[in-house]
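Below is one structure; the comments refer to it alone.
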Amino acid sequence: MAHQAEAVDWALGRDHPAFFLEMRLGKTLTTIRWADRLGYREVPNALVVAPVTVLEAWEKELTLEGEHFTTLHGLSRAKREEGIVAAFQGDGKRRHWALINYEALLSTPEIAQLPWGLVALDESTRIKNPKAKITKLCTEGFRTARHRTILSGLPSPEGELDFYCQFQFLHGTFMGCRNYWRFRADHFSPDLYGGDWMPNKGVRQQIKELVHSKAFVLRRTDAGIENKKVYETRYVSMSREQAKLYKQIEEDFSVRLASGEEMETSYAIVQQTWLARLAGGFDPQGEPISNTKVDALIELLCGELREEKVVVWYRFNTELVACLERLNRLGVRCDHILGGMPRDVRKQKLQGLRTGKTRVLLAQVKCAKYGVDVSAADTEIYYSNVWSCEDRLQSEDRILHPMKKVPLLIIDLVTRDTVDEDVVEALQDKGFLARYLMTKIHAGIKRRHTK
């Protein structure tokens, strides 16, 4: 597409460009074509580091482009080393790509010391945390690579500090700082509550200008490609038993289960997780206590949406499994994606949605938010939400496609008087920070507790 060609032309004058194209604008193909334009002598080999689900998209695009590649993840260490040797031996004619996920890279850190022609970090926010081992490996390694690039549709999900480590990987420095902590100390100050760091006056604009000078930034609207999103919220009420347990946890940080077992915690994050489970109809141990939310989902899928392909997103596996069992009993053509599934199985399940064999696909957000193409569906339902802006936006855009013209329907199932309400309210602000979300949840708990 025209915007991809423009991105390639822009990148040709830079050794270490960043491609910040919103989801579904074709970052993968853009990077492959950029490497092709650089030529075989300049880039005889290339390493792509990405989440496993994203690597599947790379395999597809590289195959379509006639490129030679080796997938390194899922192999024994010995087989992985053979693949690396093959990438550097080459055949003198075709560029050799090596594909690896972040976890496998951590287990084979010597890869970061090799003189690659090109290293691409896809979904580069994976290295935004300066304390993480993968961040240190990527920012301290790969210094002998001739070209480095980062790819992301949402490069700063939690604020401007997210940029530092990504650009440190590219250039070794950002805004004159060679250290994340120096960058934060020089350009940010603690907020009034001491829970977050806010950019000093004028810094936000400085960062914006610097990012735009070093990255090709493009939104779908600017590319003339936009699927209008229509958001709806459907409310359900708690059962009596559900409400009783919910109140116990909110007030006392403890709960007495139907089995007679008592559970208690002194940690707010544990309390909030228990409350989130209860909002979905399950006790803290994952045992079902209410069918109201499952019933609401079934009513939607077998009623208003009975003729449509739908993707349903979940935070907890127990919720997904319960809904899957109900749909199977009703004879609904459904399938599911959970973490740990073999790649070939995952591909078959996604293919089922595209071909029509599957009408409803149930997916766990954390394992399917990257690189999964479920654009055969125009509707998605959030049975529950992971408490992350990035996870929500990434998963939302899995049903996007540049050629789509129809509006996309996104439905949140919300249990009244629970953390569901707080999370969905916070998610309506697409730029919210993780700490802001936790503040909203805490405020909601306090408000309901004092009613």
Side-chain angles (χ1 to χ4, degrees), residues 231-239 242-243 245-246 249-250 255 268-301 305 310-327 334-339 360-369 372 374 377 379-399 409-428 430 432 434 437-438 440-442 444-445 448:
Y231 292 89
E232 289 189 10
T233 304
R234 300 295 178 94
Y235 291 92
V236 299
S237 298
M238 288 190 281
S239 67
Q242 191 179 5
L245 292 180
Y246 198 94
I249 294 174
E250 272 197 334
V255 62
I269 189 64
V270 175
Q271 177 208 34
Q272 291 157 11
T273 302
W274 289 355
L275 295 176
R277 286 187 179 276
L278 276 166
F282 297 82
D283 71 18
Q285 291 186 328
E287 294 298 321
I289 60 170
S290 172
N291 291 323
T292 55
K293 204 169 192 180
V294 177
D295 290 343
L297 175 69
I298 299 301
E299 184 177 349
L300 273 172
L301 295 175
L305 305 175
V310 181
V311 178
V312 187
W313 296 102
Y314 298 85
R315 175 181 178 182
F316 301 110
N317 289 347
T318 48
E319 300 171 335
L320 186 155
V321 171
C323 292
L324 180 67
E325 291 175 351
R326 282 283 297 277
L327 290 169
C334 60
D335 213 329
H336 67 292
I337 293 178
L338 289 173
V360 179
L361 182 68
L362 315 181
Q364 210 273 357
V365 173
K366 284 291 187 182
C367 75
K369 64 179 180 178
V372 172
V374 287
T379 302
E380 53 193 351
I381 299 173
Y382 284 84
Y383 185 96
S384 52
N385 277 286
V386 174
W387 296 350
S388 161
C389 175
E390 182 181 14
D391 290 354
R392 171 65 184 234
L393 293 180
Q394 288 278 6
S395 58
E396 266 191 23
D397 284 359
R398 293 307 100 206
I399 64 172
L409 177 60
I410 300 172
I411 300 172
D412 281 287
L413 283 180
V414 171
T415 302
R416 291 187 185 279
D417 299 320
T418 72
V419 291
D420 276 3
E421 293 182 325
D422 309 322
V423 173
V424 171
E425 182 180 343
L427 287 168
Q428 291 172 355
K430 298 302 183 185
F432 80 87
L437 174 59
M438 299 311 292
K440 291 284 289 185
I441 293 169
H442 179 70
I445 292 173
R448 286 186 291 272

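This one's a predicted model, so the numbers in the text were calculated from it and none came from an experiment.
Put simply, the side chain of Val419 reaches to within 4.5 Å of the side chain of Tyr246, judged on heavy atoms. Taking 4.5 Å as the limit, some side-chain heavy atom of Thr273 sits within range of a side-chain heavy atom of Phe316. Annotation: side chain of Leu324 is in contact with side chain of Cys334 (closest heavy-atom distance under 4.5 Å). Looking at heavy atoms from C-beta onward, Glu396 lies in side-chain contact with Tyr382 at the 4.5 angstrom threshold. The closest side-chain heavy-atom distance from Glu232 to Thr379 is not below 4.5 Å. Between Cys323 and Val312, every side-chain heavy-atom pair lies at or beyond the 4.5 Å cut-off. A heavy-atom distance below 4.5 Å is found between the side chains of Leu301 and Leu327. The shortest side-chain heavy-atom distance between Ile289 and Leu278 falls under the 4.5 Å cut-off.
Closest approach of Tyr314 and Leu320 over heavy atoms only: CD2-N, 3.6 Å. For Arg315 against Gln364, the heavy-atom pair with the smallest separation is O-NE2, 2.9 Å. The shortest heavy-atom contact between Met238 and Ala243 is SD-CA, 3.9 Å. The nearest pair of heavy atoms linking Gln242 to Ser290 is OE1-OG, 3.0 Å. Scanning all heavy atoms of the two residues, the minimum distance from Thr415 to Glu421 falls at O-CG, 4.0 Å. Contact between Leu338 and Cys367 at its shortest, heavy atoms only, is C-SG, 3.5 Å.
The main-chain N or O of Ile249 is found under 3.5 Å from a side-chain atom of Gln271 such that the two form a donor-acceptor pair.
Considering CG of Leu297 and OG1 of Thr292, their distance stands at 11.5 Å, rounded to 0.5 Å. The distance from the CZ atom of Arg398 to the CG atom of Leu393 is 10.5 Å, given to the nearest 0.5 Å. Atom CG in Leu413 sits 8.5 Å away from atom CZ in Arg234 (nearest 0.5 Å). A distance of 10.0 Å separates CD in Glu250 from CD in Gln272, rounded to the nearest 0.5 Å. The CD1 atom of Ile298 sits 10.0 Å away from the CG atom of Asn291 when rounded to the nearest 0.5 Å.
For Asp397, the salt bridge (Lys or Arg N to Asp or Glu O under 4.0 Å) partners two or more places apart in sequence, or in a different chain, are Arg220, Lys229. Checked against side chain to side chain contact (heavy atoms under 4.5 Å, CB included), Ala322 has the following partners two or more places apart in sequence or in another chain: Phe282.
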Run Asp283 and Val255 through side-chain contact (heavy atoms from CB on, under 4.5 Å) and show every step you take. CA-CA 9 Å; Asp283 71 18; Val255 62; over 6 Å; no
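Of the residues Leu300, Asp412, Leu362, the one that meets the side chain to side chain contact (heavy atoms under 4.5 Å, CB included) test with Ile381 is Leu300.
Applying the salt bridge (Lys or Arg N to Asp or Glu O under 4.0 Å) test to every pair with at least one member in residues 287-298, sequence neighbours left out, gives these pairs: Lys293-Asp420, Asp295-Arg326.
The number of heavy-atom neighbours closer than 6.0 Å to CD of Gln285, taken from other residues, nucleotides and ligands shown, is above 12.
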